[in-house]
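In what follows, a structure is listed as structure tokens, so that the remarks can point back to it.
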Amino acid sequence: MPAAAVLAAFILFTSQMTLAIEVKRVHKRFGGLHALGAVDLEIGTGEFFALLGPNGAGKTTLINIIAGLMRASSGSVRVMGYDVVADYREARRMLGVVPQELVFDPFFTVRETLAIQSGYYGLRNNAAWIDEIIHHLDLADKADANMRTLSGGMKRRVLVAQALVHKPPVIVLDEPTAGVDVELREALWRFIKQLNRNGHTIVLTTHYLDEAEALCNRVAMLKQGRIVALDSIRNLINSIPGCSIRLRLSPDILPAALQSLMSSREEGYYILAIKEYSQLENVMAALRVAQAQVLEMQVLQPDLEEVFVKIMGNTRSQESASA
Amino acid sequence: MSGFPTLLYKELLRFWKVGFQTVFAPMLSTLLYLMIFSHVLEGRLQVYPGVPYTVFLIPGLVMMAVLQNAFANSSSSLIQSKISGNLVFVLLSPLSYREIFLAYVLAAVVRGLAVGLGVYLVTLGFFDVPLRSFVWVFVFALIGSALLGALGIIAGIWAEKFDQLAAFQNFVILPLTFLSGVFYTIHSLPPFWQGLSHLNPFFYMIDGFRYGFFSVSDISPYASLGIVAACFLAVSWLTLRMLKAGHKIRH
């Protein structure tokens, strides 16, 4: 085998071996509060990964520990193989973080902000890349405007730009679309998807589960500082058996034979839960017998939101059972 | 390449962009002190033989401006960044705690010296102030401003609100500077207050700085230098420890 081919195979092998983020047995305590408990998490290079969980679940705490903004009480975290405490310089060069809060330095313009951020990473002739980010994030008109004068959406774009100035292979976005209008949200995701296609690992937290479902390959769900689910979105959704049928009938009366299947009632609609698709035939037969006319029918697949509600509910009932 | 030059540049740009407030306003207030005190006390006090009171007062006021502005620079920059949250951009970067320390201290030194030099140059237009040893003047201005810059970092890290920082400034820094011999020589004080003044590190900074102008001081400039340098090392050690531990900034 020629040497170049061996080298290419080795590079491919090692790139597959290197984890973008590796969290091992991380605990974080704030006084009496156990904010994170024995969190283990591995995110591979090139993944589009979501950290989900209700408010206070520990998502931002975990991100802050990965970014070196907080120190874990115990356990270790590596970014692209570098320990975030022992090899913090290398680890931070590998990581771009978009914080949740709309923070900015009111003394500087957009371009100054980006040049300064780039300089913190030792990159002082970075104007070409900064111009490119400004262009991609549609900030060109505001490049020389003071940060104070920017709208919330524009400030959010600058935060994304700041996270990218040093071309990090791993990008963490903490609630990047909170309070952002639809247009910017779509533009932002288009850009982030492009970065992922270019090989960047993306980790995000969001409250919009439809966004996570549309964008990510894998998710971790956190609850009260513990990971309660960690799998691909497909596997998580497949873990919920059956589907729902949304019906509008004339007359607006659900036949008695179907009452046991009704899971909820919306205005003018009946929602029936069935375990298998074969049950659909039974539903149709019962409707025919009752001479009910179907005005509208939708078959609803389970989605991530349903999985989320189920998992969060399950852990709650387990907790109350063990209490 | 290190991010240190950029952090230093950013800290310098930060105060220069609001230079009217950070350089010219303290120059004006120092010159007002000079005008009022010299008007009221000139001819009534004999401090050093053959030195008019106003001329005696000028180096003290210059050093006071150097020290107060060095402290104000690092402390206000840090607390603003902490409260507005933009300190996160420095904390996310690969800058080491030593680089962060050095950048904040050097920016504080530059602002302190800029205000002090400004006051000194303006007074030269009106008074004949001797300068016997530039080296002593420079060394005390440098170490004094670095000490206050480091102290400003401690205050900026410790304070969680602007009023806590203001309390540090008004109840610690201001009394220590006013009672350090800026406006008088401690030989004019009763023995108890003289003894107390010797516990004030600001006294040694002012006394040593003034020695560079008149070659006269309350105590040996070498002793003052040793005490000021020891204070600088102690405060720097404490500041570096706080930064390394991430006290109040990396939780």
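Chain letters run A, B, ... following the sequence lines, proteins first and then strands; every chain starts at 1.
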Is Leu87(B) in contact with chain A via its backbone, its side chain, both, or neither, using a 4.5 Å heavy-atom distance? neither

In residues 7-19 of chain B, what donor-acceptor pairs under 3.5 Å come from side-chain atoms, sequence neighbours left out?
from: Glu11(B); atom 1: OE1; to: Ser77(B); atom 2: OG; distance (Å): 2.8
from: Glu11(B); atom 1: OE2; to: Ser77(B); atom 2: OG; distance (Å): 3.0
from: Arg14(B); atom 1: NE; to: Ser77(B); atom 2: OG; distance (Å): 3.4
from: Arg14(B); atom 1: NH2; to: Asn73(B); atom 2: O; distance (Å): 3.4
from: Arg14(B); atom 1: NH2; to: Asn73(B); atom 2: OD1; distance (Å): 3.3
from: Lys17(B); atom 1: NZ; to: Phe107(A); atom 2: O; distance (Å): 3.2
from: Lys17(B); atom 1: NZ; to: Glu112(A); atom 2: OE1; distance (Å): 2.7
from: Lys17(B); atom 1: NZ; to: Glu112(A); atom 2: OE2; distance (Å): 3.1

Per-residue tally against chain B (heavy atom, under 4.5 Å) across Arg124(A), Met70(A), Glu101(A) peaks at Arg124(A)

Please determine whether the number of non-hydrogen atoms from other residues, nucleotides or ligands lying under 6.0 Å from atom CG of Asp144(A) exceeds 12. yes

For Ala245(B), side chain to side chain contact (heavy atoms under 4.5 Å, CB included) partners two or more places apart: none

Phe126(B) CZ: over 12 foreign heavy atoms closer than 6.0 Å: no

Heavy-atom proximity to chain B below 4.5 Å, by part of Leu159(A): side chain

Who among Ser81(B), Ser96(B), Pro94(B) has the most heavy-atom pairs with chain A under 4.5 Å? Pro94(B)

Need one label for Ser84(B): side chain, backbone, both or neither, based on atoms under 4.5 Å from any heavy atom in chain A. both

NE2 of His135(A): more than 12 outside heavy atoms within 6.0 angstrom? no

Heavy-atom side-chain contact between Phe104(A) and Asn86(B) under 4.5 Å: no

Do any of residues 60-71 of chain B come closer than 4.5 Å to chain A, heavy atom to heavy atom, and if so which ones, in number order? none

For Thr6(B) and Ile116(A), which heavy atoms make the closest approach, and how far apart are they? CG2-O, 3.3 Å

Point-to-point distance, once rounded to the nearest 0.5 Å, from OG of Ser93(B) to CD of Gln117(A): 7.0 Å

Would one find more than 12 heavy atoms of other residues, nucleotides or ligands at under 6.0 Å from atom NZ of Lys244(B)? no

Can you tell me if NZ on Lys24(A) sees more than 12 non-hydrogen neighbours from other groups inside 6.0 Å? no

With a 4.5 Å cut-off on side-chain heavy atoms, are Phe89(B) and Val103(A) touching? yes

Should we say atom CZ of Arg29(A) is surrounded by more than 12 heavy atoms from elsewhere, each under 6.0 Å from it? yes

So which residues of residues 82-92 of chain A are in contact with chain B at a heavy-atom cut-off of under 4.5 Å? Tyr88(A), Arg89(A), Arg92(A)

